[in-house]
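Below is one structure, written out as C-alpha cells; comments come after it.
All values below come from the heavy atoms of this structure, side chains included, with hydrogens, waters and symmetry mates left out. Proteins come first, then strands; the chains are lettered A, B, ... in the order of their sequence lines, and each starts at number 1.
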2 protein chains.
Amino acid sequence: MSLDKVFEALASGPRREILAYLSSAELSTSELAERFKMSAPTISRHLSVLENAGLVTSARHGQFVLYKLAPDNLVNTLAGFAFELCPVGGPLKRESRKLAAQKKTKTKTKTVRKPG
Amino acid sequence: MSLDKVFEALASGPRREILAYLSSAELSTSELAERFKMSAPTISRHLSVLENAGLVTSARHGQFVLYKLAPDNLVNTLAGFAFELCPVGGPLKRESRKLAAQKKTKTKTKTVRKPG
DNA sequence: TGTGCAATTAGCAAATTAGCTAATGATTGA
DNA sequence: TCAATCATTAGCTAATTTGCTAATTGCACA
C-alpha cells in the first residue's frame, strides 16, 4: 500500500497489461501466461509484485489461484498522489506563489548568485 | 508523453520528490541538488527523465535553468490510465461480467481444466 | 577575452530487474 | 496413494538503473 511499491509495480509494461486483463475478468496465473508470451513463473512473479503493492488480490479456487483487480487502491493511490502535487484549481499553491515572488530579490554583495 | 515514460519516471522516489518540490516553486538544478543530498549531475539526469516524460518543463534564465511542473500532463496521464482500468461505476465493465459468467461452463471430455 | 559558476555529458562500479529453466509445494481425481 | 496439473520458489544470466567523479559546454561580467 506504499507509494513506492505501487509506482514500482506500475513501472512495468507487462504488469500494467496484466492489470488491463484483470480489469475485465478474474484470471488465473496460467490463463494470463497464455495471453502473454511469457512463462508462468515470470507471470507469477509479476502478480506477486502487483499483489504486494495492493493492486490485485488473489483467492485460491481449488487448484487455481484467481487474481482480480483491487480498483479502489489503484484509484485512491493515484488520485492521492496527483492531488498532493496539484491540489484543485491549478499548478501552484498559494504559498508557492509567495515563494516565487521572494526569489526575485537580489543580493549584490555575495558572489554566489541565485536564479530569478 | 508515453505511458511507459511517465510511469518509468514516476517509479523513482527521488524523482517523485523532485516533483513535490516543483509543485510549490520553480527551481534550478543546483537549488534542487542542495535540497537533496545528491550531486548536481545526478539531479540533472533525474530532471531530464522527468522532462522527457513530459512531467516538467525547463527554461533557461541566464546561467540557470529553471524547472517547473507540467501538471496537466501528469494529471491527464494518471487519470486516463485509471479510467481505462476502472471506468466509472465500479471495478468491472459490463462485458467483463458476461465473461465471468461464461467461465462457469465446464468441459468434461478434455483433461485440461479451466478455473471457475 | 578570460575567469567563475551553472548545467550537462561521459564513463564507471554497485545494485536491481526481467526473463528463463529446474525444482518444489498444493490440490484434484483415479 | 499415485499421477497429473497449477502455482510458486530457487538459481542463473543479461540488461538496466543509480549513484558518483571528471570533463565539457553555456553564460555572465570584470
What class does the angle between the rings of B:Phe81 and B:Phe7 fall in, given that below 30° is parallel, 30 to 60° is tilted and above 60° is perpendicular? perpendicular
Rounded to whole Å, CD1 of A:Ile43 lies from C1' of C:dG19 at a distance of 11 Å
To the nearest angstrom, the CG-P distance between B:Leu47 and D:dG19 comes to 12 Å
A:His46 has an atom NE2; how far is it from atom C1' of D:dA7, in whole Å? 16 Å
According to a strict under-4.0 Å criterion, is B:His61 in side-chain N/O contact with OP1 or OP2 of C:dA6? no
Heavy atoms under 4.0 Å, any strand shown: does A:Thr29 hit a base, just sugar-phosphate, or nothing? sugar-phosphate
Counting only side-chain N and O atoms of A:Thr42, is one of them less than 4.0 Å from OP1 or OP2 of C:dC20? yes
Spacing of B:Phe36 atom CZ relative to D:dC20 atom P, expressed in whole Å: 12 Å
Counting only side-chain N and O atoms of B:Arg15, is one of them less than 4.0 Å from OP1 or OP2 of D:dT18? yes
Look at all strands and tell whether A:Ser28 reaches a base, only sugar-phosphate, or nothing, counting heavy atoms closer than 4.0 Å. sugar-phosphate
What integer distance in Å separates A:Asp4:CG from D:dT18:P? 12 Å
So which one's nearest nucleotide on DNA chain C is more toward 5', A:Ala11 or A:Arg60? A:Ala11
With a non-hydrogen cut-off below 4.0 angstrom, is A:Tyr67 in contact with a base, only sugar-phosphate, or nothing? sugar-phosphate
Please determine if a side-chain N or O atom of B:Ser30 lies less than 4.0 Å away from the OP1 or OP2 oxygen of C:dA7. yes
Is any side-chain N or O of A:Gln63 under 3.5 Å from a base N or O of C:dT28, one able to act as donor and the other as acceptor? no
OP1 or OP2 of D:dT17 sitting under 4.0 Å from any side-chain N/O of B:Ser12? no
Return the nearest nucleotide to the side chain of B:Met38; candidates are D:dG19, C:dG19, D:dT21. D:dG19
For D:dT21, does OP1 or OP2 lie under 4.0 Å from any side-chain N or O of B:Ser39? no
